[in-house]
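Keep in mind that what you see is a predicted model, and the values were worked out from it rather than measured.
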Amino acid sequence: QVQLMESGGDLVQTGGSLRLSCAASGMVFSTNPMAWYRRAPGKQRVMVASITFTGQTYYLNSVEGRFTISKDNAVNTLYLQMDNLKPEDTGIYYCMDPKSNSWGQGTQVTVSS
């Protein structure tokens, strides 16, 4: 059974940084593609970043150049480094496993102006 546990969300000011973590279990993490999604207040959940098992990455246009997705296969953890945060980055961030369609519980990121 795949389990995903996010952490690292917080309240930060515009221009600040955060690093989100997602601890994964129940899968062969090293060969798994992974993704981060965001649900902004009043909006649908959207994918902000993804990474293939070979390390290829994809970013939502609005976060390109500010966010970095990465995996540490040694500790089965997915990361999302978020720099130069903006108020529109506010939302609940979810870790997602596309192979099993499993989701974490989410972690809240709030960026104040």
Side-chain angles (χ1 to χ4, degrees):
Q1 180 181 354
V2 173
Q3 291 189 319
L4 303 170
M5 180 69 70
E6 303 94 336
S7 62
D10 206 343
L11 169 64
V12 296
Q13 292 186 333
T14 297
S17 296
L18 283 175
R19 189 176 79 157
L20 305 184
S21 299
C22 171
S25 61
M27 67 172 78
V28 182
F29 188 75
S30 61
T31 61
N32 231 67
M34 296 292 295
W36 285 100
Y37 280 73
R38 175 177 70 208
R39 186 192 299 276
K43 296 186 179 180
Q44 290 188 331
R45 193 157 47 186
V46 297
M47 185 168 69
V48 297
S50 65
I51 186 167
T52 68
F53 76 93
T54 60
Q56 287 184 304
T57 57
Y58 160 85
Y59 297 97
L60 187 67
N61 282 346
S62 62
V63 309
E64 182 88 48
R66 300 187 297 118
F67 289 12
T68 304
I69 187 172
S70 62
K71 296 176 70 187
D72 187 338
N73 294 329
V75 292
N76 286 7
T77 301
L78 177 72
Y79 300 103
L80 185 67
Q81 177 66 40
M82 305 187 295
D83 298 317
N84 191 20
L85 282 160
K86 303 177 180 182
E88 53 264 41
D89 296 320
T90 293
I92 302 173
Y93 284 72
Y94 299 89
C95 173
M96 190 266 186
D97 167 26
K99 275 191 177 180
S100 66
N101 197 29
S102 297
W103 297 81
Q105 85 291 345
T107 186
Q108 176 71 47
V109 172
T110 304
V111 185
S112 64
S113 57

Within one Ile-Leu-Val-Met-Phe-Trp-Tyr cluster: [X] and [Y], side-chain cutoff 4.5 Å:
| X | Y | result |
| --- | --- | --- |
| Leu11 | Leu20 | no |
| Ile51 | Phe53 | no |
| Leu18 | Met5 | no |

Looking only at non-hydrogen atoms, find the nearest pair between [X] and [Y] and report the distance.
| X | Y | result |
| --- | --- | --- |
| Cys95 | Leu78 | SG-CD2, 3.8 Å |
| Arg38 | Ser62 | NH2-OG, 4.2 Å |
| Leu80 | Ala49 | CD1-CB, 4.1 Å |
| Pro98 | Pro33 | CD-O, 3.2 Å |
| Gly91 | Gln108 | O-NE2, 3.4 Å |

Are any non-hydrogen side-chain atoms of [X] and [Y] less than 4.5 angstrom apart?
| X | Y | result |
| --- | --- | --- |
| Thr77 | Phe29 | no |
| Val2 | Lys99 | no |
| Asn101 | Met96 | yes |
| Asp83 | Ser17 | yes |
| Ser50 | Trp36 | no |

Plane angle bin for Phe67 and Tyr93 - parallel if under 30°, tilted between 30 and 60°, otherwise perpendicular
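Tyr93 and Phe67: tilted rings.
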Decide side-chain contact (heavy atoms from CB on, under 4.5 Å) for Asp89 and Met82; before the verdict, give the C-alpha distance in whole Å, the side-chain angles of both, and the deciding distance to 0.1 Å.
CA-CA 9 Å; Asp89 296 320; Met82 305 187 295; 6.0 Å; no
* Are there more than 12 heavy atoms of other residues, nucleotides or ligands under 6.0 Å from atom CD of Gln56? ->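 Check fails, neighbour count at 12 or below.
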Problem - Neighbour count >12 (heavy atoms, 6.0 Å) for atom OH, Tyr59 - result: yes
When you measure from the side chain of [X] to the backbone of [Y], do you find a donor-acceptor pair of N or O atoms at a distance under 3.5 Å?
| X | Y | result |
| --- | --- | --- |
| Glu6 | Gly106 | yes |
| Tyr79 | Thr68 | no |
| Thr90 | Val111 | yes |

Out of curiosity, [X] [atom1] to [Y] [atom2], how far, rounded to the nearest 0.5 Å?
| X | Y | atom1 | atom2 | result |
| --- | --- | --- | --- | --- |
| Lys86 | Ser113 | NZ | OG | 14.0 Å |
| Ser102 | Gln1 | OG | CD | 8.0 Å |
| Cys22 | Asn76 | SG | CG | 10.0 Å |
| Lys71 | Thr52 | NZ | OG1 | 8.0 Å |
| Gln105 | Ile92 | CD | CD1 | 10.0 Å |

Would you sort out whether Arg45 and Trp103 count as a side-chain contact (heavy atoms from CB on, under 4.5 Å), showing the intermediate values? CA-CA 12 Å; Arg45 193 157 47 186; Trp103 297 81; 3.6 Å; yes
| said: Using side-chain contact (heavy atoms from CB on, under 4.5 Å), reason through Leu4 and Met34 one step at a time and then give a plain yes or no. | reply: CA-CA 11 Å; Leu4 303 170; Met34 296 292 295; 4.0 Å; yes
